Amino acid sequence: MKLALAALLVAPALAMAQAADPQPDELLQIAFPKWTDEEGGRVQSIPTSAATRGWNAKQGKKRNVIVTPRQVVRVAPDRIVLLATMTPAGDGGEPQVAHGTPAGLAAYTFKPGKDGWKVAKRQEPFALQGFEGRAQVAPVALSAASQAVQVTWGSCWQGHCVDVFALYAIGVDGVKTQPLLLQKIKGNNVYSRPDCVDRLGGFVQGLQPADPAYADEKVPPGQCYAIEGRWDVTGANALTLRFTGAMSKAGKDGNSPAQRIDQAMKFEFRGGRYVPASGSNPVPDA
């Protein structure tokens with residue numbers, strides 16, 4: 001009898017594990033029954049927390065956010081995680097976004113219930129990252145047994161551009177709030193000065209001509225750079241960033257000739273995160 005009862009309890013979970021994963025908007029409507037994918041319907045109320053105070057230190061017990069479902073990640077046969085992004089909103093539902101406003105990164109863990117999937121854990125948000133209330137999220141495999149959420153964001157300010165990425169571990173308990181890794185992955189200031197295109201053009205392909213209105217502008221010596229990177233898992237506990245591009249430095253005697261960049265920064269997984277093992281990140285702060 002006990003075996004038969006156990007089989008009856010396990011059967012629905014197995015059936016759900018074998019079925020196709022629900023769509024992101026379907027899961028979000030379980031987490032927020034009043035959510036609809038239309039203007040006004042995306043605005044929801046969440047409890048304030050230490051994370052939400054990164055948007056505004058002065059908050060009550062609840063605050064409005066605009067919620068957008070992003071990705072569904074299967075983390076176990078009987079667990080799935082919905083990744084979503086959040087934008088702070090005012091009392092009337094209008095976005096409250098400036099250039100430096102980060103996006104809220106949210107995760108909802110679901111497990112089988114009597115009538116389908118039900119929320120087992122809410123992380124709303126687990127972190128704030130990005131510019132102008134925007135960030136891109138996507139699941140990535142770190143090994144055959146571990147996954148992560150890759151978060152990428154970038155922006156330009158007065159011709160200085162930078163792209164950043166972070167990795168967050170994801171599993172049956174949702175998303176770990178401390179990133180495994182946080183690094184700049186791309187940067188350039190080519191159009192912040194009238195001379196950078198000429199100085200870097202021999203090493204960097206595809207640069208657009210500088211604005212002719214500033215072609216004759218006299219500027220003091222200054223750094224020019226255009227660098228792109230990518231990352232790869234290079235071992236069971238290793239990750240490598242590889243950078244290519246060019247940089248022309250400046251000193252008291254003037255601008256130096258451009259130098260090609262082709263270098264790596266290696267990390268080892270230690271203490272629950274990736275820590276530098278060798279090399280450096282050549283992307284300057286924007």
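Quick caveat: nothing in here was measured; it's all calculated off a predicted structure.
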Gap between atom CG of L239 and atom CG of L167 - 0.5 Å precision: 6.5 Å

Pairs under 3.5 angstrom only: tabulate donor-acceptor contacts from the side chains of residues 279-286 to other protein residues two or more places apart or in another chain.
unit_1	atom_1	unit_2	atom_2	d
N281	OD1	V283	N	3.0
N281	ND2	Q183	OE1	3.0
N281	ND2	K184	O	2.8
D285	OD1	K184	NZ	2.9

Would you call D37-R42 a salt bridge at under 4.0 Å N-O? yes

Should V175 and V164 be counted in the same cluster of Ile, Leu, Val, Met, Phe, Trp and Tyr side chains packed under 4.5 Å apart? yes

Can you tell me how far the OH atom of Y274 sits from the CD atom of E268, to the nearest 0.5 Å? 11.0 Å

If I take atom CD1 from residue I170 and atom NZ from residue K176, how far apart are they, to the nearest 0.5 angstrom? 11.5 Å

For T234, does its backbone N or O pair with a side-chain atom of D232 as donor and acceptor, under 3.5 Å? no

Same cluster (ILVMFWY, side-chain, under 4.5 Å), I185 and V233: yes

Under 4.5 Å between side-chain heavy atoms, hopping through other hydrophobics if needed: is there a path connecting M265 to F165? yes

Ignoring hydrogens and angles, tell me if any N or O in the side chain of N64 forms a donor-acceptor pair with the backbone of G90 under 3.5 Å. yes

When you measure from the side chain of S256 to the backbone N and O of A250, does any donor-acceptor pair fall under 3.5 Å? no

Rounding to 0.5 Å, atoms CH2 (W55) and OG1 (T48) come to a distance of 11.0 Å

Surrounding CD of Q71 (heavy atoms of other residues, nucleotides or ligands, distance under 6.0 Å), is the total greater than 12? yes

Hydrophobic cluster identity match, V43 and I46, side-chain contacts under 4.5 Å: no

Can you confirm whether the side chains of T85 and R70 place a donor and an acceptor under 3.5 Å from each other? yes

For V72 and P22, work out which heavy atoms get closest and say how close. CG2-O, 3.5 Å

Within the side chain of Q129, is there an N or O that forms a donor-acceptor pair under 3.5 Å with the backbone of G104? no

If you look at every heavy atom in G133 and T87, which pair is closest and at what distance? O-OG1, 3.6 Å

Are R63 and S45 packed together at the side-chain level, in the sense that at least one heavy-atom pair is separated by less than 4.5 angstrom? no

Assess whether atom CD of Q136 is packed by more than 12 heavy atoms of other residues, nucleotides or ligands within 6.0 Å. no

For the OG1 atom of T68 and the CG atom of L83, what is their distance to the nearest 0.5 Å? 13.0 Å

What do you reckon, is CD of Q223 surrounded by more than 12 foreign heavy atoms closer than 6.0 Å? yes

Backbone N/O of Q23 and side chain of E26: donor-acceptor pair under 3.5 Å: yes

Could you tell me whether the side chain of R53 and the main chain of S49 form a donor-acceptor pair under 3.5 Å? yes

So, using side-chain contact (heavy atoms from CB on, under 4.5 Å) as the criterion, who are the partners of D195 when residues are at least two apart? R193, R199, V219, C224, N255

Measuring only between side-chain heavy atoms, which start at C-beta, is P112 closer than 4.5 Å to W117? yes

Do Q158 and Y191 get their side chains close enough for a donor-acceptor pair, meaning under 3.5 Å? no

Less than 4.5 Å apart, any side-chain heavy atom of K186 and any of V162? no

Could you tell me the separation between the CG atom of L182 and the OH atom of Y168, rounded to the nearest 0.5 Å? 7.0 Å

Partner residues of F243 under the ring pair (Phe, Tyr, Trp, His ring centres under 6.0 Å) criterion, sequence neighbours left out: none

Compare every heavy atom of P125 with every heavy atom of A51, then report the nearest pair and how far apart it is. CB-O, 3.8 Å

Residues 146-154 side chain polar contacts: donor-acceptor under 3.5 Å, at least two apart:
unit_1	atom_1	unit_2	atom_2	d
S146	OG	S143	OG	2.8
Q147	NE2	R74	O	3.1
Q150	OE1	W231	NE1	2.6

Which heavy-atom pair separates P69 from L28 by the least distance, and what is that distance? CD-CD2, 3.5 Å

Under 3.5 Å, side chain of K118 to main-chain N/O of F110, donor-acceptor pair present? no

All ring pair (Phe, Tyr, Trp, His ring centres under 6.0 Å) counterparts of F203, not counting sequence neighbours: none

Kindly indicate whether a cation-pi arrangement holds for R79 with Y108, taking the cut-offs as under 6.0 Å to the six-membered ring centre and within 45° of the axis. no

Is it the case that the side chain of Q96 and the backbone of G93 share a donor-acceptor pair, with hydrogens and angles ignored and the cut-off at 3.5 Å? no

Within the side chain of R122, is there an N or O that forms a donor-acceptor pair under 3.5 Å with the backbone of A31? yes

Which atom pair, heavy atoms only, marks the closest approach of A135 to A103? N-CB, 4.0 Å

List the atom of D163, the atom of S155, and the distance in Å for their closest heavy-atom pair. OD1-N, 4.3 Å

So do Q259 and M247 actually touch side chain to side chain, heavy atoms under 4.5 Å? no

Within one Ile-Leu-Val-Met-Phe-Trp-Tyr cluster: V75 and L82, side-chain cutoff 4.5 Å: no

Measuring only between side-chain heavy atoms, which start at C-beta, is V190 closer than 4.5 Å to L200? yes

Can you sort out the partners of S192 under side-chain contact (heavy atoms from CB on, under 4.5 Å), two or more places apart, ordered by chain and number? H160, N189

